[in-house]
Amino acid sequence: MKLLIVNGSPRIESSTEILARQFEDGFTSIFPDTEVVNVRLNDLSIIPCQACGIDPTPLPCVYKDDLHPTLQHLMQADMVLIASPVYFDSVSAQTKLFIDRSNCFRPPRFRNNAVGFDDHGILRGKGAYILVGGAREKFDAAERVIGGFFIWAGIEKIGRVIYGHDDWQLGGVTLNSETLRQSHDLGVSSASSLS
Ligand SMILES: Cc1cc2nc3c(=O)[nH]c(=O)nc-3n(C[C@H](O)[C@H](O)[C@H](O)COP(=O)(O)O)c2cc1C
């Protein structure tokens with residue numbers, strides 16, 4: 001099995017990161033030999049999608065920057081976990097850069113001067129997500145962004161964990177055993193969905 005974890009938080013040991021680790025622990029409890037690829041998007045230098053309109057063959061993208069290996073891992077992953085903080089009601093900018101660069105997982109087809117897209121995304125893996133926000137507890141916009149990305153790319157959604165809180169403590173989720181358990185359980189159920 002191959003598990004790709006895409007972490008969109010800029011903070012080390014953030015609640016987002018801790019919950020992603022819980023998911024990983026749950027997943028690997030079912031498949032101990034999993035190849036786990038952990039990507040902290042904040043460590044990468046990422047070119048935003050340029051809407052280049054160029055034939056992306058070979059997939060996934062004509063731009064070979066720091067994100068390119070992650071997009072290649074995504075093509076091979078059985079399971080992808082997107083873990084993001086909520087910033088201004090949406091996913092973090094780091095997460096959005098990654099999502100936009102996945103546009104060619106529904107490859108464009110060029111005909112004369114027009115471009116159309118296949119009806120279905122080309123990925124065949126499954127996916128889950130974790131969102132961490134503050135006390136506003138408005139997650140619908142971020143959920144639509146990730147949900148839309150899954151549908152576009154052809155990823156089957158297995159589940160999600162949503163954590164809203166009103167403290168400013170780094171990694172504060174460690175005090176919330178229920179949310180830690182939910183993330184671990186999502187890792188277990190995600191792995192089970194593959195067996
Ligand atoms: C730039 C910025 C924008 C934010 N916008 C929101 C928001 O719209 N809604 C919300 O619930 N929390 C918002 N927050 C709070 C974060 O989601 C919250 O601090 C969360 O714990 C971050 O995740 P982390 O602890 O894993 O880093 C924002 C924080 C920052 C830094």
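As the structure lists them, so they are numbered: ligands from 1, and atoms in each ligand from 1. Numbering starts at 1 and runs along the sequence shown.
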Query raised in the report: Any idea which of E17, Q169, H165 brings a heavy atom closest to atom 20 (C) of ligand 1?
Result: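 Shortest heavy-atom distance from atom 20 (C) of ligand 1: H165.
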
Report task. Using heavy-atom distances, let me know which of V86, I12, D167 sits nearest atom 28 (C) of ligand 1. Result ->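 The nearest heavy atom belongs to V86.
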
Counting each atom of ligand 1 from 1 as listed, which ones have a heavy atom of [X] under 4.0 Å away?
{"X": "S9", "result": "27 (O)"}
{"X": "S14", "result": "24 (P), 26 (O), 27 (O)"}
{"X": "T16", "result": "23 (O), 24 (P), 26 (O)"}
{"X": "S15", "result": "25 (O), 26 (O)"}
{"X": "P85", "result": "22 (C), 23 (O)"}
{"X": "D89", "result": "7 (C), 8 (O)"}

Requested in this report: Check step by step if side-chain contact (heavy atoms from CB on, under 4.5 Å) holds for I82 and T95.
Outcome: CA-CA 8 Å; I82 311 286; T95 310; 3.8 Å; yes

**Report entry** Candidate pair K126 and D78, rule salt bridge (charged side-chain N to carboxylate O under 4.0 Å, His left out), full reasoning
**Finding:** CA-CA 6 Å; K126 300 187 179 187; D78 301 289; over 6 Å; no

Students should be able to answer this: which protein heavy-atom is nearest to [atom], and at what distance?
{"atom": "atom 27 (O) of ligand 1", "value": "R11 NE, 3.0 Å"}
{"atom": "atom 2 (C) of ligand 1", "value": "Y87 CD2, 3.5 Å"}
{"atom": "atom 11 (O) of ligand 1", "value": "G134 N, 2.8 Å"}
{"atom": "atom 5 (N) of ligand 1", "value": "F88 N, 2.9 Å"}
{"atom": "atom 19 (O) of ligand 1", "value": "W168 CZ3, 3.9 Å"}

Query raised in the report: Is it the case that one hydrophobic cluster holds both L97 and V145, taking links as side-chain heavy atoms less than 4.5 Å apart, direct or via other members?
Result: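 Linked, L97 and V145 end up in one cluster.
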
Query raised in the report: Do you see a donor-acceptor pair shorter than 3.5 Å between the side chains of Q76 and Q72?
Result: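 No pair is found: no donor N or O on one side chain lies under 3.5 Å from an acceptor on the other.
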
Query raised in the report: Going by atom types only, do Q22 and D185 share a side-chain donor-acceptor pair under 3.5 Å?
Result: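 No, no side-chain donor-acceptor contact under 3.5 Å.
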
Query raised in the report: Should the ring pair F23 and F27 be called parallel, tilted or perpendicular, given that the plane angle runs from 0 to 90° and is split at 30 and 60?
Result: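 Parallel, since the angle between the ring planes stays under 30°.
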
Report task. Would you confirm whether the ring centroid of F98 sits within less than 6.0 angstrom of the ring centroid of F149? Result ->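 Under 6.0 Å, so yes.
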
Query raised in the report: Is I12 atom CD1 crowded by more than 12 heavy atoms from other residues, nucleotides or ligands, each under 6.0 Å away?
Result: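 Result for CD1/I12: open.
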
**Report entry** Exceeds 12 heavy-atom contacts within 6.0 angstrom, atom NZ of K157
**Finding:**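 Yes.
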
Query raised in the report: Under a 4.0 Å heavy-atom limit, does K138 contact ligand 1 with its side chain, its backbone, both, or neither?
Result: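 Neither; no heavy atom under 4.0 Å.
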
